[in-house]
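Comments concern the structure below.
Within every chain, numbering begins at 1; the chains are lettered A, B, ... in the order of the sequence lines, protein sequences first and strands thereafter. The figures here come from the full heavy-atom set of this structure, side chains too, leaving out hydrogens, waters and symmetry mates. This structure is a prediction, so every number in the text was calculated from the model and none was measured.
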Protein chains: 4
Amino acid sequence: MATQKDFDKKEAIFAATLELVSKHGFHSSPMSEVAKQANVAAGTIYHYFKSKDDLICALYVRLKEKTTETLLKQDDANKHYRERIRSFYLQNFRYFTQNPKEFYFLEQFSNSPFIQAIPRQDLQRLDQPIYDFLRKAVFMQAVRDIPPKIMISMLLGSVGSLVKLQLSGDFQLTSSDIEQAFFACWDGIKRQ
Amino acid sequence: MATQKDFDKKEAIFAATLELVSKHGFHSSPMSEVAKQANVAAGTIYHYFKSKDDLICALYVRLKEKTTETLLKQDDANKHYRERIRSFYLQNFRYFTQNPKEFYFLEQFSNSPFIQAIPRQDLQRLDQPIYDFLRKAVFMQAVRDIPPKIMISMLLGSVGSLVKLQLSGDFQLTSSDIEQAFFACWDGIKRQ
Amino acid sequence: MATQKDFDKKEAIFAATLELVSKHGFHSSPMSEVAKQANVAAGTIYHYFKSKDDLICALYVRLKEKTTETLLKQDDANKHYRERIRSFYLQNFRYFTQNPKEFYFLEQFSNSPFIQAIPRQDLQRLDQPIYDFLRKAVFMQAVRDIPPKIMISMLLGSVGSLVKLQLSGDFQLTSSDIEQAFFACWDGIKRQ
Amino acid sequence: MATQKDFDKKEAIFAATLELVSKHGFHSSPMSEVAKQANVAAGTIYHYFKSKDDLICALYVRLKEKTTETLLKQDDANKHYRERIRSFYLQNFRYFTQNPKEFYFLEQFSNSPFIQAIPRQDLQRLDQPIYDFLRKAVFMQAVRDIPPKIMISMLLGSVGSLVKLQLSGDFQLTSSDIEQAFFACWDGIKRQ
DNA sequence: TATGAATGAGCGTTCATTCAT
DNA sequence: TATGAATGAACGCTCATTCAT
């Protein structure tokens with residue numbers, strides 16, 4: 001079926017882009033290489049994406065959606081907020097250490113001028129689910145009344161740093177290290 | 001004096017590179033533009049740097065050294081560790097929000113495959129002063145016995161996230177927000 | 001037909017390179033000029049050749065093959081060796097005086113460090129047919145038992161010098177001059 | 001003494017140019033490298049030579065003069081022409097196999113478009129001594145009445161080919177090979 | 001005379017993008 | 001829709017040459 005084939009090609013292009021960009025960076029990932037890796041012709045990419053920038057931005061959005069969904073899917077509203085946030089933190093660490101390509105791509109992208117090409121409201125939409133999750137925690141008085149944006153920044157900044165540390169190969173983090181790191185964060189944001 | 005002139009040219013090239021790369025990214029900062037911005041001929045850059053990569057790596061090392069030095073210069077060994085770490089955290093925030101070009105450059109660089117071009121031991125040397133500072137804090141039992149690498153990751157991850165938030169323009173952080181964020185961190189790492 | 005078009009483009013690039021290099025030398029024949037002369041875009045050359053060096057080496061191999069084939073094609077195994085070698089000598093002179101571009105290109109190439117880029121066994125393969133022709137003459141006791149490599153050197157050195165003399169415009173060689181030069185060579189190598 | 005110093009510098013520049021050009025070719029021998037190798041500043045070369053082309057042409061003329069002089073110096077007018085020409089041939093072979101840099105430089109130069117930069121009469125002047133030597137041999141009826149230009153071409157073409165063969169490393173020529181080659185030539189040009 | 005930092009035109013090459021098939 | 005040869009602007013970089021010292 002054509003639709004399935006389209007899907008496959010688009011997927012293949014995304015996968016190839018992720019592979020190459022995460023390893024070599026944006027400008028060392030020519031479209032011709034992406035095409036080769038995806039087993040399509042160079043021109044074919046332009047049936048699915050307007051330009052290289054468009055492809056990269058689309059991949060960013062896609063990965064953001066996917067990771068956010070994955071990370072919140074396992075949330076269990078019946079548990080205590082501490083447990084839910086702990087689980088979110090740990091999942092985050094696990095997900096990215098197990099999917100380093102996605103981590104590298106997202107970090108690279110969000111620290112590059114590329115990100116300015118994404119409309120602000122789209123960026124907001126991508127963060128919305130996590131944002132909602134934490135705002136509710138504040139509302140439920142599970143955590144201190146810190147603006148959710150700050151809280152996200154702190155949590156994700158912390159976990160992101162740890163992922164980077166782990167992936168650098170300089171340092172093997174044990175699960176106790178992660179727990180410890182989480183509780184350090186938690187002690188910082190929990191309602192005393 | 002020749003030495004002064006050399007210094008000026010090299011400085012001008014560094015400044016131009018910082019300006020352009022922080023604004024447009026590595027690959028949207030051609031050497032010809034760097035030269036124009038620095039008021040030198042394109043070829044002149046190659047008297048000071050072997051290649052574009054070399055220039056960018058040299059600038060990274062230089063900025064790292066400068067910021068580390070600046071951030072630790074104001075450390076007062078007579079104060080309590082809480083105060084010293086607080087000051088470090090706050091200075092960090094202040095320095096980077098006031099020097100956004102340096103922040104963007106460093107973030108972009110350290111999240112790009114470029115960083116692999118810097119020998120591991122050089123990277124270690126750049127982080128050594130901060131590392132020493134925190135290791136001593138652990139040794140003095142001022143903070144919990146968390147591996148310093150993790151502690152650095154958490155502190156800098158946290159403050160980096162806040163700087164990004166502030167610079168994004170989405171959110172105006174008050175100094176009370178920063179204090180709050182610091183104390184959250186501190187509560188996490190202090191010896192209870 | 002695509003294959004024909006490819007052939008045409010590659011041929012046009014070869015012809016343009018021969019034209020320019022024979023007239024101006026390697027380094028005064030920029031790729032941009034080659035492209036212009038061949039009526040293709042600069043980038044197109046790189047579909048057919050990896051680099052400028054690759055193009056030039058490929059052209060050398062091609063011309064060597066073509067001239068060797070041309071020179072041996074007219075050989076008539078029924079004739080006496082004296083006649084066959086005479087014919088080879090005369091053809092050689094005629095071919096290169098009538099195709100000065102090829103002569104200048106080949107001379108330039110084989111006297112430049114470029115030639116070291118061609119694997120030794122490839123060079124040997126190119127000379128093999130002439131080598132075989134002369135070795136057989138030795139074997140048949142038509143000529144003295146001089147190592148064929150030396151004999152080739154002498155014959156081709158002699159005729160090459162004459163071609164250079166003729167093309168220099170300093171001196172108009174008559175066909176009697178060439179005959180005379182050949183017989184001088186022949187008297188030197190024939191079995192007495 | 002200044003004059004001596006000048007001489008030394010100019011010599012050093014010539015020596016450096018010969019060294020580099022014979023090994024790497026004209027366009028892989030930048031003036032900056034020549035300067036380094038000669039232990040002078042880049043600008044200094046321009047006190048002695050108008051341009052790179054000028055330097056290379058001057059070196060050509062110089063080497064031509066020197067080799068011609070060397071080769072004719074040992075001529076002994078008392079001997080038979082056969083002996084004198086034999087000696088010239090053998091010296092030629094010996095000189096260039098022992099001075100491969102000069103051989104490679106001269107071959108490269110005389111097969112490149114560079115040579116067109118040298119006025120025709122200068123070229124003639126350089127060849128004049130050898131030309132005279134052989135013309136006299138014709139006049140004395142020692143050799144056949146072949147135009148001296150052709151005779152030079154044949155002799156030098158022959159010996160040049162052998163030098164190339166020897167220097168290529170493919171083939172070790174014995175002194176008997178050279179003798180044989182000379183007598184082949186001689187049989188070709190001697191008055192029967 | 002000697003220096004070598006500075007110049008900038010010009011090079012070889014890449015690669016995002018197009019378009020005839 | 002899919003192809004991939006072709007394009008050519010733009011890049012990083014070299015190097016012959018100049019000139020203030």
* **Candidates F/dA2, E/dA2, E/dA16 - which lies nearest the side chain of A/Lys9** => F/dA2
* Examine A/Phe49 together with A/Phe14 and report whether their ring centres are nearer than 6.0 Å. => yes
* Ignoring hydrogens and angles, state whether a donor on the side chain of D/Asn111 or C/Lys164 is under 3.5 Å from an acceptor on the partner side chain. => yes
* To do: Whole angstrom is fine here: how far is it from NZ in C/Lys36 over to C1' in F/dT7?
  => 15 Å
* Rounded to 10 degrees, the angle between the two terminal axes of the helix from E/dA2-F/dT21 to E/dT21-F/dA2, each from five pairs -> 10°
* Asked: Considering only F/dA2, E/dT13, E/dT3, which nucleotide approaches the side chain of A/Thr44 most closely?
  -> F/dA2
* **side chain to side chain contact (heavy atoms under 4.5 Å, CB included) assessment of D/Leu106 paired with D/Phe96** => CA-CA 10 Å; D/Leu106 290 171; D/Phe96 283 122; 3.8 Å; yes
* **For atom OH of B/Tyr48 and atom P of E/dA5, their distance in whole Å** => 8 Å
* Please tell me which of the listed nucleotides, E/dG8, F/dG8, F/dA16, lies nearest to the side chain of C/Ala41? => F/dG8
* Asked: E/dT14 P sits how many Å from A/Lys52 NZ, rounded?
  -> 15 Å
* Asked: Counting side-chain heavy atoms from C-beta on, which of F/dC13, F/dT7, F/dC11 comes nearest to B/Ala42?
  -> F/dC13
* **Pairwise distance CG(A/Leu20) to CE(A/Met31) - rounded to 0.5 angstrom** => 11.5 Å
* Which atom of B/His27 lies closest to which atom of A/Phe114, heavy atoms considered -> NE2-CE1, 4.1 Å
* Asked: Can you find an N or O donor on one side and an acceptor on the other, under 3.5 Å apart, linking the side chain of B/His47 with the base of E/dA5?
  -> no
* Asked: Which nucleotide sits closest to the side chain of A/Tyr46: E/dT7, E/dC11, E/dA16?
  -> E/dA16
* Whole-Å distance between E/dT18 C1' and A/Asp54 CG? -> 17 Å
* Of C/Ser29 and B/Gly43, whose closest DNA chain E nucleotide lies nearer the 5' terminus? -> B/Gly43
* Structure fact -> Taken to the nearest whole Å, CZ/C/Phe49 to P/F/dA5 is 14 Å
* Tell me: NZ of A/Lys50 to C1' of E/dT17, nearest whole Å? -> 14 Å
* Classify the ring geometry between A/Phe109 and A/Tyr60 as parallel (under 30°), tilted (30 to 60°) or perpendicular (over 60°). => parallel
* Output the single nucleotide from E/dG12, F/dT17, E/dA16 whose closest atom is nearest the side chain of C/Met31. => E/dG12
* To the nearest angstrom, how far is D/Asn39 atom CG from E/dA2 atom P? -> 14 Å
* To do: Find the distance A/Glu33:CD to F/dG4:C1' and express it as a whole number of Å.
  => 14 Å
* What heavy-atom pair brings C/Ser29 and C/Val34 nearest, and what distance separates the two atoms? -> O-CG2, 4.2 Å
